[in-house]
Structures are given as structure tokens and as C-alpha cells.
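Each remark here refers to the structure printed beneath this line.
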Amino acid sequence: MRTTTLSSQTSSCPGPVGGHWFVLAAAILWGTAGTAQALTPAGYDPATIGALRLLIGGLALLLLALSRQELQLPRGWHWLPLLLAAALTSSYQLCYFSAVAKTGVAVGTVVAMGSAPIAGGLLGLIFRGERPGRRWYLATPLAIGGCILLGFSGGEVTVDPLGILLAFGAGCSYAAYALAIKGLLDKYSPNALIAIVVCLGALILSPALLRIEVDWLMQPSALLAALYLGLATLALSYWLFARGLQTVQVAGAVTLTLVEPLTAALLGIFILGEFLNLQAFAGIGLIFSGLVVLIIKQRSPTAIKENWRETPQ
């Protein structure tokens with residue numbers, strides 16, 4: 001089994017700012033999942049969709065790792081943290097879809113996505129000694145406030161205590177998954193690592209696949225949606241997220257993924273014909289502001305002074 005450490009990948013890894021863009025691209029793809037589900041025929045089961053998504057995405061990632069000869073024999077793998085990451089992937093799927101079913105999309109998404117950056121910052125500090133920094137402390141409240149405005153911008157709101165607890169569990173699961181993957185990326189190739197984790201997650205949720213209705217799946221729109229959810233919103237997005245995590249702290253990466261509800265809202269406007277009021281647009285503005293704070297590269301005073309000296313006067 002050939003494993004690759006980060007020290008041997010320095011030349012090919014994205015830089016700090018480049019890593020932010022990888023994470024953002026992953027979150028944008030995740031934000032398209034809701035629209036893809038909305039365009040599928042009625043009659044699907046959320047748990048089954050989640051399991052099918054993991055299965056298709058896991059197989060695609062497995063083929064990628066095999067084609068690049070990054071996955072040969074299972075020797076040398078630390079299976080306990082791998083199983084933990086896979087379990088967290090599965091628990092996010094189950095908690096999130098169950099929360100949405102009980103307390104609605106708006107509340108479920110706001111609690112899940114809003115709790116994830118806080119959990120990510122605390123877990124990164126406790127287990128990896130990563131201090132989020134001033135940018136995170138400024139960007140996270142902006143983005144969370146934007147999510148709250150966006151989530152409660154219209155329609156009836158249903159607050160179910162169990163649904164809130166499940167949504168909080170989804171946010172914590174996602175943050176803990178990011179932490180687990182961050183640690184494993186120090187030791188293994190991203191392609192092989194994500195392939196193993198997602199395939200194990202699909203295996204954990206495999207009992208849900210027994211409930212798939214063949215007639216529903218054979219409809220062209222349902223089949224296309226399943227393939228898109230598996231290949232784009234899971235295989236490609238998880239690969240991008242793993243690449244970004246190689247250079248981005250856990251807290252910053254989880255905050256950046258708050259672009260997911262922003263993407264979902266914009267697609268709702270332009271694809272599904274949904275209407276957003278002024279409060280929703282204010283929420284979008286806050287999320288965007290928080291993302292800009294994290295992404296824009298800040299130049300040190302020393303660098304600015306040196307550049308001023310070199311500029312012809």
C-alpha cells in the first residue's frame with residue numbers, strides 16, 4: 001500500500017488562498033443538492049437518497065483512486081479513525097434529513113449550518129491546537145447571522161425540539177468529520193482516503209438501499225438526479241473539500257461552507273422561481289461578507305511598507 005504524506009506533496013498542494021477556493025467550490029456543489037432533489041419525481045425516501053448518494057459517490061471515488069494507483073492493499077491503514085470518519089458521514093446524512101422532516105428545511109438548515117462553525121472551531125482548538133484567529137471571530141458571526149436571516153425570511157416556521165436536537169447533531173457530525181479527515185490527510189493520499197471513507201459510509205447506510213423502488217429509480221429524471229447527487233454533490237465535492245483541508249484550518253473550512261445555503265437560495269430564485277424578500281437578501285449579503293473576510297488575502301504591514309519603498313516616487 002503506497003501512502004503519501006503531506007511533506008511529499010508540497011509542490012502539488014494548493015496554497016492557503018487556493019485551499020479556500022477548493023472548500024468554496026465543494027460547498028457550492030453541496031448547495032445544489034436541494035435543487036436536484038426538488039426536480040426529482042415525487043415518492044423518494046430521504047434516507048434512501050442519502051444511501052444511494054454515498055454509494056454512487058463512493059464507487060466513483062474508488063475508481064479514481066484505483067486509476068491513479070493510490071489504492072492497492074489495505075495494509076498500513078488506521079481503520080479506527082477511518083471508521084469514525086465514515087460513521088460521521090453517515091450520521092450527518094441521517095440527522096440532517098430527519099431534522100428537516102421534523103422541523104422544516106429553514107430551521108433544520110439554519111441550526112445545522114449555524115452550529116457547524118462553532119463546533120468546528122472548538123474541536124479544532126481542542127484536538128489540533130488550531131487557534132481560529134481574528135478573521136474567524138469576525139467572519140463566523142456574520143455568516144451565521146446571514147443564515148438566520150435567510151432561514152427565517154418567510155413562510156411558517158415549525159420548531160420541533162427533537163428536530164432541533166437532530167439538526168444540532170448534524171452540524172456537530174459535519175464539524176467532527178472535517179476534523180477527522182484533517183488528521184488523516186496528514187498521512188494519506190486525498191483520493192484514496194475519501195474513497196475509503198465514503199464507501200464505508202455507504203456500507204453503514206446500505207440497509208436503506210433495500211427500500212429503493214425500482215420503478216421510481218428507472219425514471220430518467222430520477223436516475224439523472226441520483227447520478228448528479230452521487231457524482232457532483234458527493235464524489236467531486238468531497239474530493240475538493242479534502243484538497244482544501246490540506247491547507248485550511250478546520251474552523252475556517254467549516255465557516256466557508258456556509259456558502260451552501262447561499263447557493264441553495266440563489267438556485268431557488270433562478271431555477272425554482274422562488275421569491276426572496278428584503279430580509280433574505282440581507283442574509284445573503286451577510287454570508288457573502290463573512291466569506292470575503294476569510295478569503296481575501298491580507299497583506300502584512302511589513303510587506304506593505306516594503307512595496308511602498310520599491311514603488312517609484
Side-chain angles (χ1 to χ4, degrees), residues 23 26-34 36-37 45-58 61 81-105 107-124 147 151 162-184 193-209 229-230 232-242 244-245 250-251 253-261 263-264:
V23 174
I28 289 172
L29 285 173
W30 290 331
T32 66
Q37 289 188 26
D45 177 62
T48 303
I49 284 289
L52 191 62
R53 180 183 178 218
L54 285 178
L55 177 62
I56 295 174
L61 289 166
L82 282 171
L83 287 172
L84 176 61
L88 290 168
T89 302
S90 303
S91 67
Y92 172 80
Q93 305 275 338
L94 293 176
C95 287
Y96 178 72
F97 287 123
S98 299
V100 167
K102 286 187 172 295
T103 196
V105 175
V107 177
T109 302
V110 166
V111 174
M113 298 306 297
S115 61
I118 300 172
L122 292 175
L123 290 173
C147 283
L162 180 57
I164 295 295
L165 185 61
L166 287 167
F168 183 74
C172 291
S173 295
Y174 170 70
Y177 163 80
L179 177 70
I181 289 296
K182 178 77 171 176
L184 290 169
L193 172 62
I194 301 302
I196 290 293
V197 168
V198 174
C199 285
L200 287 174
L203 187 62
I204 292 173
L205 291 183
S206 58
L209 295 174
L229 288 170
T233 72
L234 193 134
L236 179 57
S237 63
Y238 273 48
W239 180 84
L240 290 168
F241 187 67
L245 269 180
V250 174
V254 176
T255 298
L256 283 170
T257 56
L258 288 176
V259 76
E260 178 183 346
T263 302

From OH (Y177) to OG1 (T89), nearest 0.5 Å: 5.0 Å
Nearest-0.5 Å distance, CG of residue L54 to SG of residue C199: 9.5 Å
Taking every heavy atom of A180 against every heavy atom of A85, the minimum-distance pair comes out as CB-CB, 4.1 Å
For A87, which residues count as a side-chain contact (heavy atoms from CB on, under 4.5 Å) partner, sequence neighbours excluded? I204
L229 side, atom CG; L234 side, atom CG - distance, nearest 0.5 Å: 9.0 Å
Can you name the residues that form a side-chain contact (heavy atoms from CB on, under 4.5 Å) with C172, not counting sequence neighbours? A119, F168
Shortest non-hydrogen contact between A175 and G120, atoms and distance: CB-N, 3.5 Å
Going from CG on L193 to CD1 on I181, what distance comes out if it is rounded to the nearest 0.5 angstrom? 4.5 Å
Contact summary for A86 and V197, nearest pair of heavy atoms: CB-O, 3.5 Å
For L61 versus A235, what's the shortest heavy-atom pair and its separation? CD2-O, 3.4 Å
Quick check on side chain to side chain contact (heavy atoms under 4.5 Å, CB included): which of L122, L245, L84, L123 does L179 satisfy it with? L123
Supply the atom-to-atom distance I194 CD1 to L236 CG, rounded to the nearest 0.5 angstrom. 12.0 Å
Supply the atom-to-atom distance S90 OG to L205 CG, rounded to the nearest 0.5 angstrom. 4.0 Å
Are the side chain of R53 and the backbone of Q93 linked by a donor-acceptor contact shorter than 3.5 Å? no
Measure across V254 and A178 and return the closest heavy-atom pair with its distance rounded to 0.1 Å. CG2-CB, 4.1 Å
Checking T263 now: which residues fulfil side chain to side chain donor-acceptor pair (under 3.5 Å) with it, not counting sequence neighbours? none
Please name all residues satisfying side-chain contact (heavy atoms from CB on, under 4.5 Å) with A26, sequence neighbours left out, ordered by chain then number. W30, S237, L240, F241
Using every non-hydrogen atom in the two residues, find where G230 and T233 come nearest and quote the distance to one decimal. N-OG1, 4.5 Å
Applying side chain to side chain donor-acceptor pair (under 3.5 Å), name anything that partners T257, two or more places apart in sequence or on another chain. Y174
By side-chain contact (heavy atoms from CB on, under 4.5 Å), which residues pair with S91, not counting sequence neighbours? L88, S173
